[in-house]
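Here the structure is a predicted model, which means the values were calculated and not measured.
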There are 2 protein chains.
Amino acid sequence: MSEKKEVRKYDTALFLEEIQKRVAIPEGEFEKFLTLWEFRKFNRNEFILQSGEVPKFSIFVLKGCLRQYIMNEKGEESIVYFAEERHFIGDLQSIRNKTISIYNFQAIEECELLTISAENWEQAFIEFSWWTKAHLTGYQKWAASLQQQMVEHHTLTGEVRYLNLLKAKPKLFQRVPQHYIASYLGISPETLSRIRKKIFNS
Amino acid sequence: MSEKKEVRKYDTALFLEEIQKRVAIPEGEFEKFLTLWEFRKFNRNEFILQSGEVPKFSIFVLKGCLRQYIMNEKGEESIVYFAEERHFIGDLQSIRNKTISIYNFQAIEECELLTISAENWEQAFIEFSWWTKAHLTGYQKWAASLQQQMVEHHTLTGEVRYLNLLKAKPKLFQRVPQHYIASYLGISPETLSRIRKKIFNS
DNA sequence: GAATAACGTTGACTAAAGTCAAGAAATTAA
DNA sequence: TTAATTTCTTGACTTTAGTCAACGTTATTC
């Protein structure tokens with residue numbers, strides 16, 4: 001039991017660190033804040049949240065890697081986000097408005113997550129002003145990077161985007177299947193295979 | 001003088017409406033809030049903010065239409081956002097961190113704007129909690145739509161994306177040049193011309 | 001550890017979109 | 001109103017990426 005507690009301490013330190021990157025937390029408030037979150041484990045390939053449902057929680061990843069993707073009418077998947085350790089992920093719009101989400105969230109590896117319900121999420125805003133601030137900053141950063149990503153997709157070839165992603169998130173390539181990378185980049189698996197062949201034979 | 005004041009009243013009502021869509025404003029606070037904003041006019045094609053500079057303000061559009069775009073090393077433009085009436089626009093990341101922006105903001109038509117400085121922006125968060133809330137909600141919505149846009153760009157052809165945009169923002173097509181639409185959609189002007197030919201000849 | 005499934009590669013072909021160049025049409029400015 | 005400029009269109013060609021099918025290679029799973 002004491003051992004388990006020790007592990008949890010280590011884990012949540014990661015969470016604390018990540019928030020402190022964005023904002024200063026008043027002494028003692030983090031512990032209270034943590035009680036709003038729940039620890040969950042998921043197995044490889046297990047679904048965490050499914051499209052067509054109102055999402056039950058939002059997520060911070062302590063360990064593992066998961067993907068957010070959408071499936072169109074033809075059954076084709078399109079990955080919009082990978083969340084590795086230290087990343088927040090979820091469909092906040094749907095959670096807060098209690099509307100159906102169009103996204104699936106699936107564990108790519110065995111995952112350890114901290115999750116927070118819609119109610120506790122709203123509670124966190126009321127109780128902790130620093131959380132609101134951190135959240136705002138996070139969103140600003142994220143929206144800016146999404147916009148940047150759009151530009152890249154408009155102006156660069158698949159090959160260049162592949163190289164950029166490889167440079168930006170090298171570890172990702174060692175933990176997710178290649179066709180997931182292709183889906184995220186918005187190209188077919190075959191095209192990615194050919195891009196790699198071209199790059200690594202020259 | 002009294003006539004001018006009347007005009008301003010009408011204009012800011014638009015601003016009030018737009019915020020009230022997101023959040024309820026306590027009696028009397030809007031007037032105080034308004035003092036943090038400045039009214040500005042820009043001529044057609046005039047630059048409002050330039051890349052390579054720290055942006056001096058963030059924007060709400062009362063009248064007219066402007067574009068946010070990036071220019072790459074080759075001198076090619078890529079439009080990331082159109083702001084028509086009732087829209088917020090700016091590079092908040094750069095404003096708040098006082099870093100150089102990569103985006104240009106240019107008036108497409110004669111524009112009437114409300115602008116807010118970095119200092120007043122931070123002040124608004126401190127003074128008006130409803131503004132923080134409205135802002136958070138706005139960002140959530142925007143980020144979600146950017147993600148959705150990424151998916152569309154990954155999975156749909158230029159033709160379908162053109163039709164979707166036409167459906168979503170029909171008025172935009174009557175006020176901005178066609179090659180701006182092409183740039184925003186991430187296709188060449190020639191391709192857009194051909195898409196239109198194909199659509200309207202069948 | 002054999003069977004099964006998932007993943008990655010390759011070839012041949014097709015489709016979508018970009019590029020370059022020329023010229024028509026429309027808009028703006030003098 | 002005319003001249004200048006910008007915008008749009010079209011043709012010919014190239015590049016990039018998608019599709020379908022086959023097959024080899026890894027991983028899983030029982």
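- Of all nucleotides listed (dA17(D), dG18(D), dT19(C)), dT19(C) comes nearest to the side chain of S188(B).
- Using bins of under 30°, 30° to 60° and over 60° for the plane-to-plane angle, the ring pair F15(A)/F33(A) lands in the parallel bin.
- Between the CD1 atom of I187(A) and the P atom of dG18(D) there is a distance of 7 Å, rounded to whole Å.
- For T191(A) and dA17(D), the shortest distance from a side-chain N or O to OP1 or OP2 is not below 4.0 Å.
- In this pair, F57(B) and F42(B) present their aromatic rings tilted. The plane angle is within the 30 to 60° band.
- Between W131(B) and H135(B), the angle of the ring planes lies from 30° to 60°, which puts this pair in the tilted group.
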Ring pair (Phe, Tyr, Trp, His ring centres under 6.0 Å) assessment of Y103(A) paired with Y69(A): CA-CA 5 Å; Y103(A) 295 108; Y69(A) 71 96; 9.1 Å; no

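- H179(A) has a side-chain polar atom (N or O) that falls below the 4.0 Å cut-off from OP1 or OP2 of dG8(C).
- As rounded to whole Å, 10 Å separates atom C1' of dT15(D) from atom NZ of K198(A).
- Whole-Å rounding puts the L156(A) CG to dA17(C) C1' distance at 16 Å.
- Side-chain proximity of R196(B) to dT9(D), dG18(D), dT19(C): nearest is dT9(D).
- Note on T157(A): only backbone sugar-phosphate atoms sit closer than 4.0 angstrom, heavy atoms only; bases stay farther off.
- Under 3.5 Å, the side chain of R194(B) and the base of dG11(D) form at least one donor-acceptor pair of N or O atoms.
- One interatomic measurement links the two molecules: CG of L192(A) to P of dT16(D), which rounds to 16 Å at whole-angstrom precision.
- Between W142(B) and Y81(B), the angle of the ring planes goes over 60°, which puts this pair in the perpendicular group of the 30/60° scheme.
- The listed nucleotides are dA17(D), dT7(D), dT19(D); the one nearest the side chain of P177(B) is dT7(D).
- Within the structure, a side-chain polar atom (N or O) of R44(A) is placed less than 4.0 Å from OP1 or OP2 of dT28(D).
- Here Q178(B) does not reach the OP1 or OP2 of dA26(C): none of its side-chain N or O atoms lies under 4.0 Å away.
- The residue among E190(A) and E159(B) whose nearest nucleotide of DNA chain C is located toward the 5' end is E190(A).
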